[in-house]
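Here is the structure we will look at.
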Amino acid sequence: MSTPSAPGPEASPAPATVLPEGGDSSLADGAWHRMHPLTPLFKGGLVLIVVAGIVISNMRDRIINFFVQRFAPDEVDYTDYPGDPVDWVLANNLVLLALLIVVGVVVAFIIGFWVVWRFHQFRITGSHVEVRKGMLFRSQRRAPLDRVQGVNLTRPFPARLIGLAKVEVVGAGADSNVDLEYLATAKAESVRADILRLASGARSARLAAAGGPAAASAGHGGVREQLVGSMNAGVAGMIEGVDLADVAPESVVKIPTGRLVGSQLISAALWVLFFGGIFVVTLAAAYFGMTADGETGVEIVIAMVGIALGMGIPLVIAVVGITWAQISRSLRYSIAPTSNGIRLTFGLLTTITETLPPGRIFAVSVSQSLLWRPFGWWTVRINRMTGKSASQAQSSSAQQFNVVLPVGKRADVERVLELIFPDITAEQLAHLWEHGVIGTASDDAFRTVPRRAAWRHPFSWKRHGWAVVPGALLLRKGWMWRQLAIFPLARMQGISVAQGPISRAQNVASMQAHTVTGPVSATLSALERDDAQALIDEVARAAVDAVTSDHSHRWGEQNTAGIAPQQPVTPPPPVAPYPPVTSPAPEQN
């Protein structure tokens, strides 16, 4: 339930007005507001215009003849005219009629866009963000602020040209995101700040009609002012970017372009090997098949060249497309702390800025492929709620939100982990790196696969293991793809242990940590049965303390005035992983 906010300034002659609880901008006052006037154009109108242009271009003869037969059936006959239809219109003095038809079509488009814009509204209150749209078929979506998992600011390339952006409020369920598309970039940033401030538990003191600087900067203005203002800011935003007001002066991690491109090219080698294997097998099968049929050498060569061109060109296009998509999405990458969590920005043409509030990260992994190992490169991924449906969550653009460091060296990874776990000390981080990320140290504290079950993981059985530290569960595995996964216990949904007939004969078991789905794997297999039972007991004990001490979901409650600090402040951590104090249990043969 909302509580009334503070009245306006004392100097105002108007009587004090109690306003709905909201943020500090004029768009977070609990009232309904409309999107930018060009929203219908970017939500499908542009495609509609292009399709209409193609149809008219290809069918203009039939279209002109249709209208001529309706308005002047006896005066002219277009069916026998051999030239261009436009020349025919000019020759028969039908220019005025043609212009009237074009103007009518344009007016119909404008009216349709105006109706769509008129019925597309949103509002922000102290408890939720709500969007409603549609005239004949109406829809309404609401995102509770206490369930917000993040707020993304997306700027598709065409929208960037005229200074527009989309605010995406990430919900906690499947297909639960609420999109505010589109707003002027300055307003989008103001709205995002309000949503995060309200979601943090802060209670903002709203200014009355006189307002303050924030209210003035986010004022509505007329349709003409919105169009002119957003278009003037578009080109400047292409160069200067966004999100410069409330983040650290610079990103805590810098990724050289050469490293980013090189890492993706090396990863593309895996695609080359995969597609190349299919290509070679196909060529070999075709060659032996034609040889068995008694084909001549010339026929075999021609057939092989045809197969090579038919398969090779699409495979090359696929590899190049995948590689370029990965590179373009990771360019202009930055990560920095803010008063409302971690701010991530990436993208070359379409730029996306994501704010991850505290308590919304459910798992973190540090991983390295075998091909990256000579260069010392690592990547950091997270599991988080995306608010998308199952099909949307599998798309490459959705998976990009799970990458917080595309490629970095050890120092870069440590900086990112310090952002996610601010209370971790340098000594704890070094121990975590040596034992968890690198692993297999002489005094290894992880409980790993017993030697009798090493055949299940012949290359990584010494790395394959777990450890429980205050606030987190650590899972370590992999040899070709090294990975350390960190699961905050305060946000784990549970843990299970399973044992099949073969595992029962070997006295081993497998485990799975239950959390939100994502790229971070939460399973281990071939563990000592007693170790698996000990895992359940230790997680149960540690989870109680973790949940009791975790208040990250209301990270701004102490800021009763609702005013963000001048300098970025890293919120309290959900976990603080450090070396476990438990020692490995003796192996049972």
Side-chain angles (χ1 to χ4, degrees), residues 358-367 378 380-383 404 410 413-449 462-478 482-497 511-516 518 520-524 527-528 530-552 570-585:
R360 269 60 174 183
I361 297 177
F362 291 80
V364 182
S365 75
V366 181
S367 58
W378 303 81
V380 180
R381 294 183 174 88
I382 61 173
N383 283 1
V404 295
R410 172 174 177 173
V413 175
E414 290 179 344
R415 293 190 190 101
V416 172
L417 292 179
E418 288 171 350
L419 285 183
I420 299 176
F421 308 115
D423 276 3
I424 191 171
T425 65
E427 181 181 359
Q428 294 166 355
L429 187 59
H431 199 287
L432 179 69
W433 185 273
E434 296 299 331
H435 287 258
V437 178
I438 303 300
T440 65
S442 57
D443 56 342
D444 189 16
F446 279 69
R447 303 195 184 188
T448 59
V449 176
K462 291 184 178 180
R463 281 185 51 86
H464 209 78
W466 63 271
V468 176
V469 299
L473 168 66
L474 309 180
L475 303 184
R476 185 187 67 193
K477 56 184 175 180
R482 293 178 177 176
Q483 182 186 71
L484 172 69
I486 305 172
F487 296 88
L489 294 177
R491 284 174 292 283
M492 275 183 55
Q493 303 301 308
I495 190 169
S496 62
V497 174
M511 61 77 59
Q512 179 179 4
H514 297 283
T515 181
V516 301
V520 183
S521 175
T523 61
L524 283 178
L527 298 176
E528 188 75 61
D530 292 342
D531 286 350
Q533 184 61 47
L535 171 62
I536 294 179
D537 297 337
E538 291 189 32
V539 167
R541 287 194 299 267
V544 174
D545 297 333
V547 172
T548 302
S549 60
D550 179 60
H551 302 287
S552 56
T570 306
V575 298
Y578 51 82
V581 296
T582 56
S583 58

So, taking the atom named [atom1] in [X] and the one named [atom2] in [Y], what distance separates them when rounded to the nearest 0.5 Å?
X: Arg415; Y: Leu417; atom1: CZ; atom2: CG; value: 12.0 Å
X: Glu427; Y: Leu432; atom1: CD; atom2: CG; value: 12.5 Å
X: Leu535; Y: Met511; atom1: CG; atom2: CE; value: 5.0 Å
X: His435; Y: Leu484; atom1: NE2; atom2: CG; value: 12.0 Å
X: Ile495; Y: Glu538; atom1: CD1; atom2: CD; value: 10.0 Å
X: Leu429; Y: Glu434; atom1: CG; atom2: CD; value: 10.0 Å

Which pair of heavy atoms, one from [X] and one from [Y], lies closest together, and at what distance?
X: Ala445; Y: Ala467; value: O-CB, 4.4 Å
X: Thr548; Y: Val544; value: OG1-O, 2.7 Å
X: Trp466; Y: Asp531; value: CZ2-O, 3.1 Å
X: Ala513; Y: Met492; value: CB-CE, 3.8 Å

Inset, instruction - State whether the number of non-hydrogen atoms from other residues, nucleotides or ligands found under 6.0 Å of Arg381 atom CZ is greater than 12. - result: no
Report yes if some heavy atom in the side chain of [X] is under 4.5 Å from a heavy atom in the side chain of [Y]; otherwise report no.
X: Ile438; Y: Arg482; value: yes
X: Arg463; Y: Thr448; value: no
X: Arg476; Y: Asp444; value: yes
X: Val520; Y: Phe487; value: yes

Inset, instruction - Please step through side chain to side chain contact (heavy atoms under 4.5 Å, CB included) for the pair Arg491 and Thr515, ending with a clear verdict. - result: CA-CA 7 Å; Arg491 284 174 292 283; Thr515 181; 6.0 Å; no
Legend entry - Positive for side chain to side chain donor-acceptor pair (under 3.5 Å) with Ser521, one of Lys477, Gln483, Gln512: Lys477
Inset, instruction - Please identify each residue that fulfils ring pair (Phe, Tyr, Trp, His ring centres under 6.0 Å) with Trp378, with sequence neighbours left out. - result: Trp433
Inset, instruction - Kindly write out the residues that satisfy side-chain hydrogen bond (donor to acceptor under 3.5 Å, both in side chains) with Glu414, not counting sequence neighbours, or none if the list is empty. - result: Arg410
Inset, instruction - Could you list the residues that satisfy side-chain contact (heavy atoms from CB on, under 4.5 Å) with Ala543, not counting sequence neighbours? - result: Leu489
